[in-house]
Amino acid sequence: MKPFVLLATRPEDVPADEEYALFLRYSGLDERDLIRVRLEAEPMPRFDLDELSGIFVGGGPFNASDPWKSAVQRRVEAEFAALLDEVVKRDFPFLGACYGIGTLGAHQGAVIDSTYREPVSVIEVDRTPEGRADPLLAGLPDRFTAFVGHKEAVSQLPASATLLARGEGCPVQMFRVGVNVYATQFHPELDVEGITTRIHAYADHGYFAADELELTLGAVRRLPVTHTGRILSAFVERYAR
């Protein structure tokens, strides 16, 4: 099988390593078949898409709507723009989670801002009619729970995008460009332990107030999250070659 790639941007080793482990677990891949590239630490390699099965993008500290961007963030954004030129042109399998929705959204001309920022929590997500017909969401209930926590979101989709899932507080939770290029606002890779690690790791990063740690830890246990990992395994099952 040709490998998949996980493009990551987390500078903190513990949540970065746990993110990789969670992608491995829910995708069903092993380390040989999921190549991780930490873009915050090194430039993006030049990928030959003919030698890959697909591309995942994890979350991270960068936001498309940040008013000030470091040299590293500007480099990463330029690398993603070039990669997505080829990915979208070829309709190559791509699944961007969290930061991935910002990269793909920005590339397609979506409006991305803080209008629908989401506190760290569990939300209920509804499949759209198009989502009910999409193979990555096959087998999921029409309403499922997911972990979120974001400072920005897509507030207006471009005409090139198909909305697959929506939330009450954030309308765009998942969309598709073409047939094979996907992005999610929620985190399909997370479980309770994983989001707990991130809550502690990013306690002073502005996702919640300093006195809201326990409240936030309770919010991610409000409802069980049991279906979203299936999206990663469905992606692998569909595109492994």
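Each residue takes its place number in the sequence, starting with 1. All heavy atoms count here, side chains included; hydrogens, waters and symmetry mates do not.
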side-chain hydrogen bond (donor to acceptor under 3.5 Å, both in side chains) against T145, all qualifying residues, sequence neighbours excluded: none
Can you confirm whether E168 sits close enough to I123 that some side-chain heavy atom of one is under 4.5 Å from a side-chain heavy atom of the other? no
Under 3.5 Å, side-chain donor or acceptor atoms of residues 20-30 against the rest of the protein: list the pairs with distances, not counting sequence neighbours.
from : atom 1 : to   : atom 2 : distance (Å)
Y20  : OH     : L34  : O      : 2.6
R25  : NH1    : D191 : OD2    : 2.6
S27  : OG     : F23  : O      : 2.6
S27  : OG     : L24  : O      : 3.3
S27  : OG     : L29  : N      : 3.1
D30  : OD1    : R32  : N      : 3.1
D30  : OD1    : D33  : N      : 3.1
D30  : OD2    : R32  : NH2    : 3.4

Within the structure provided, determine whether R38 and D13 are in side-chain contact (heavy-atom separation under 4.5 Å). yes
Verify side chain to side chain donor-acceptor pair (under 3.5 Å) between T115 and D113, making sure each step is shown before the conclusion. CA-CA 6 Å; T115 301; D113 54 31; 2.8 Å; yes
Min side-chain heavy-atom separation F147-V192 under 4.5 Å: yes
CZ on R74 to NZ on K69, rounded to 0.5 Å: 9.5 Å
Any idea which heavy atoms bring S160 and Q108 closest together, and the distance? OG-OE1, 2.7 Å
Any residue meeting side-chain hydrogen bond (donor to acceptor under 3.5 Å, both in side chains) with T196, in chain and number order, not counting sequence neighbours: R221
Sorted by chain and residue number, the side-chain hydrogen bond (donor to acceptor under 3.5 Å, both in side chains) partners of S53 (sequence neighbours excluded) come out as none
Looking just at side-chain N and O atoms, do H150 and N63 make a donor-acceptor pair shorter than 3.5 Å? no
Side-chain ion pair, R75 and E79, N-O less than 4.0 Å: yes
Which residue pairs satisfy the ring pair (Phe, Tyr, Trp, His ring centres under 6.0 Å) criterion with at least one member in residues 113-141, sequence neighbours excluded? none
Checking the side chain of R127 only, and the main-chain atoms of L140 only, is there a donor and an acceptor separated by less than 3.5 Å? yes
Ring-plane angle category for Y99 and F62, please: parallel below 30°, perpendicular beyond 60°, tilted otherwise. perpendicular
Test side-chain hydrogen bond (donor to acceptor under 3.5 Å, both in side chains) applied to E130 - qualifying residues, sequence neighbours left out: T128
